[in-house]
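Written out below as structure tokens is the structure these notes cover.
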Amino acid sequence: MENKLVIYNTLSRKKEIFVPINAPHVGMYVCGPTVYGDAHLGHARPGITFDLVFRYLQHLDYKVRYVRNITDVGHLENDADEGEDKIAKKARLEKLEPMEIVQYFTDRYHKNMDQLNVKKPSIEPRASGHIIEQMEMVKKILDNGYAYKSHGSVYFDVEKYHKKTGKYGELSGRVLDDLKSNTRELSGQDEKRNPFDFAIWKNAAPEHIMRWTSPWGDGFPGWHMECSAMSAKYLGEKFDIHGGGMDLLFPHHESEIAQSQAANGHSPVNYWMHNNMVTIDGQKMGKSLGNFITLDEFFSGSHEFLNQAYTPMTIRFFILQAHYRSTVDFSNEALKAAEKGYKRMMKAVALLNDIKVSEKSTVDVISLEEKCYAAMNDDFNSPVLLSHIFEAVKMINSINDGSEKISKQDFLKLKTVINAFVFEILGFVAEQKESGSNEKLGEVVEKLLALRQQAKQNKDYKTSDDIRDALIEAGIKIKDTRDGAEWSVE
RNA sequence: GGUCUCGUGGCCGAGUGGCUAGGCAGUGGUCUGCAAAACCAUCCACAGCAGUUCGAAUCUGCUCGAGACCUCCA
């Protein structure tokens, strides 16, 4: 298969043909979570988006090294507890060790990602484990003259950097002159030459728990250092793809570029990819807005916004039904629709196993496959891919009811296509049913259904309907088929 | 205020200068003793105004509306 993968590059604001630096190897770095709280729907978006990218690149036979970090230091807060680390703050509040908090939420994040069938990255480095690398990079930037020391901290000299390279703002489109007049007043500004300078090493107040000794005093690395240092360590000073949420575009990613450029003399990344936000009532779902719903709450239905529980695969389908660069608006109605669509799709996929083959085909599997690849090659267009998968659904159902025919050869091809796109690339898994989990219950239901069948044969519909109503009332769903009744626990 | 993005049918959500995705809901069928389920078919659209064009929902301009970033955020 000829590879014509096209990726929308935030840097150029255009779709570009994907050419890796060292094919067949591909290096990809994605900003992971800050582990000081449970993952919410917003975290599922980049998780699933870049899982799709990872899976598709692998499907195209690229050898991908996918690095997704865990942020467990840094990220200053700017509320009342200024200058305090988020992790450290939570630790003090609950009287736990910072690393205890980190471990707890990291484990929970992993559990959620597993539930969503998000593949594990190749490397998942922690910021706290790479302090030395970050300090080395700070030193490099200082040596190159793009940073200055002040009150035990080290700041990046944005103005100087921009004068020399003209590159500040190349990713986010920010204009330095605008920033000069628009940067918010923050404390500690007097330590900086310019308000838009950012810390690459931050002096730690005595009560600050997470701290490391450095040539510049006790402190911790600045907000954006970890991604620059860790991506360079594991992927090299220049690598192929850097991903993350759109909200990280500025200042985080812009600063990453500046840091790497200042340290290494060249830009770090060829393709910048940004997933859009999940909204609720048209507003961004986020920690700071307090309108987020955690993934666990989705899976259990335990949030006042939710009418019901939604399975991880429903969430995955819901997110993949929108293109990653569009916002996706959460609502019970939309999720319910996703749930039904997902079930219908998977039912047809399961049906594929016992389909009858014919001498000749009346369906076109080859062009279906081509359309699927075309969709994915066009900047990972999962919604269009899904529309083609639903063509396949219709195809399978039509063959099943005899209105279409498929040859042995096409049948095998169709299986390959479904397997590749539905399972391997889109990453869906068949969810096991709850029914039959309790053997005793199963026996009882089977007995009742047998009685009902008998009543039906005797045309005693009163009795058969009574049995059905009673079972439904008990939460047992009945589905009549040609070969008798099937049941499941609702 | 600055920068940027978007506005598609009842809901969600793709896309292209003309052949007008897909899912859910609705409607009509098939199946069934009835129902449910399932399957098949099908209606409904491109914020408003003006312009470019043989032709625009798709290009340009304006108006209105929504959102994101500018501060930690996926």
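Throughout, protein chains are lettered first and strands after them, A, B, ... in sequence-line order, and every chain is numbered starting at 1.
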I want to verify a distance call: between [options], whose nearest atom is closest to the [X] side chain?
{"X": "A/Lys284", "options": "B/C69, B/A14, B/G33", "answer": "B/C69"}
{"X": "A/Glu333", "options": "B/G2, B/G33, B/C11", "answer": "B/C11"}
{"X": "A/Ala334", "options": "B/C12, B/A68, B/A14", "answer": "B/C12"}
{"X": "A/Ser398", "options": "B/A38, B/C12, B/C40", "answer": "B/C40"}
{"X": "A/Lys347", "options": "B/A38, B/G23, B/C12", "answer": "B/A38"}
{"X": "A/Lys340", "options": "B/C4, B/A38, B/C24", "answer": "B/C24"}
{"X": "A/Ala322", "options": "B/G22, B/C24, B/A14", "answer": "B/A14"}
{"X": "A/Arg468", "options": "B/C34, B/C12, B/G23", "answer": "B/C34"}
{"X": "A/Phe250", "options": "B/C70, B/G33, B/C4", "answer": "B/C70"}

[X] [atom1] to [N] [atom2], straight-line distance once rounded to whole Å:
{"X": "A/Leu289", "N": "B/C69", "atom1": "CG", "atom2": "P", "answer": "8 Å"}
{"X": "A/His388", "N": "B/G22", "atom1": "NE2", "atom2": "P", "answer": "10 Å"}
{"X": "A/Asn381", "N": "B/G22", "atom1": "CG", "atom2": "P", "answer": "14 Å"}
{"X": "A/Asp281", "N": "B/G65", "atom1": "CG", "atom2": "P", "answer": "20 Å"}
{"X": "A/Arg325", "N": "B/G67", "atom1": "CZ", "atom2": "C1'", "answer": "17 Å"}
{"X": "A/Asp401", "N": "B/A38", "atom1": "CG", "atom2": "P", "answer": "15 Å"}
{"X": "A/Lys394", "N": "B/A41", "atom1": "NZ", "atom2": "C1'", "answer": "8 Å"}

Same-atom distance (P) from B/G61 to B/C4, integer angstrom: 13 Å

A/Arg344 vs B/C40: side-chain N/O to OP1/OP2 distance below 4.0 Å: yes

Distance below 4.0 Å between A/Lys343 side-chain N/O and B/G23 OP1 or OP2: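 For B/G23, OP1/OP2 do not have a side-chain N/O of A/Lys343 under 4.0 Å.
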
Residues A/Arg468, A/Asp465: salt bridge by 4.0 Å N-O rule: yes

Side-chain ion pair, A/Asp107 and A/Lys111, N-O less than 4.0 Å: no

Nearest-0.5 Å distance that lies between atom OH in A/Tyr271 and atom CG in A/Asp240: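 Between atom OH of A/Tyr271 and atom CG of A/Asp240 there are 7.5 Å.
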
Geometric cation-pi criterion, A/Arg68 with A/Phe50: 6.0 Å, 45°: no

Under-3.5 Å donor-acceptor pair between A/Asp465 side chain and B/G33 base: yes

Which nucleotide, if any, forms a Watson-Crick or G-U wobble pair with [N], using both distances under 3.5 Å?
{"N": "B/U42", "value": "B/G26"}
{"N": "B/A57", "value": "none"}
{"N": "B/G67", "value": "B/C4"}

Parallel, tilted or perpendicular: ring planes of A/Trp272 versus A/His253, cut at 30 and 60 degrees: tilted

Is_stacked (A/Phe390, B/G23) at 5.5 Å, 30 deg: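 The base of B/G23 is not stacked with A/Phe390 (the test needs centres under 5.5 Å and planes under 30°).
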
Under 3.5 Å side-chain donor-acceptor pair for A/Glu391 and A/His388: yes

Pairwise 5' ranking along RNA chain B for A/Ser172 and A/Gly244, keeping only the more 5' one: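 Between the two, 5'-proximity favours A/Ser172.
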
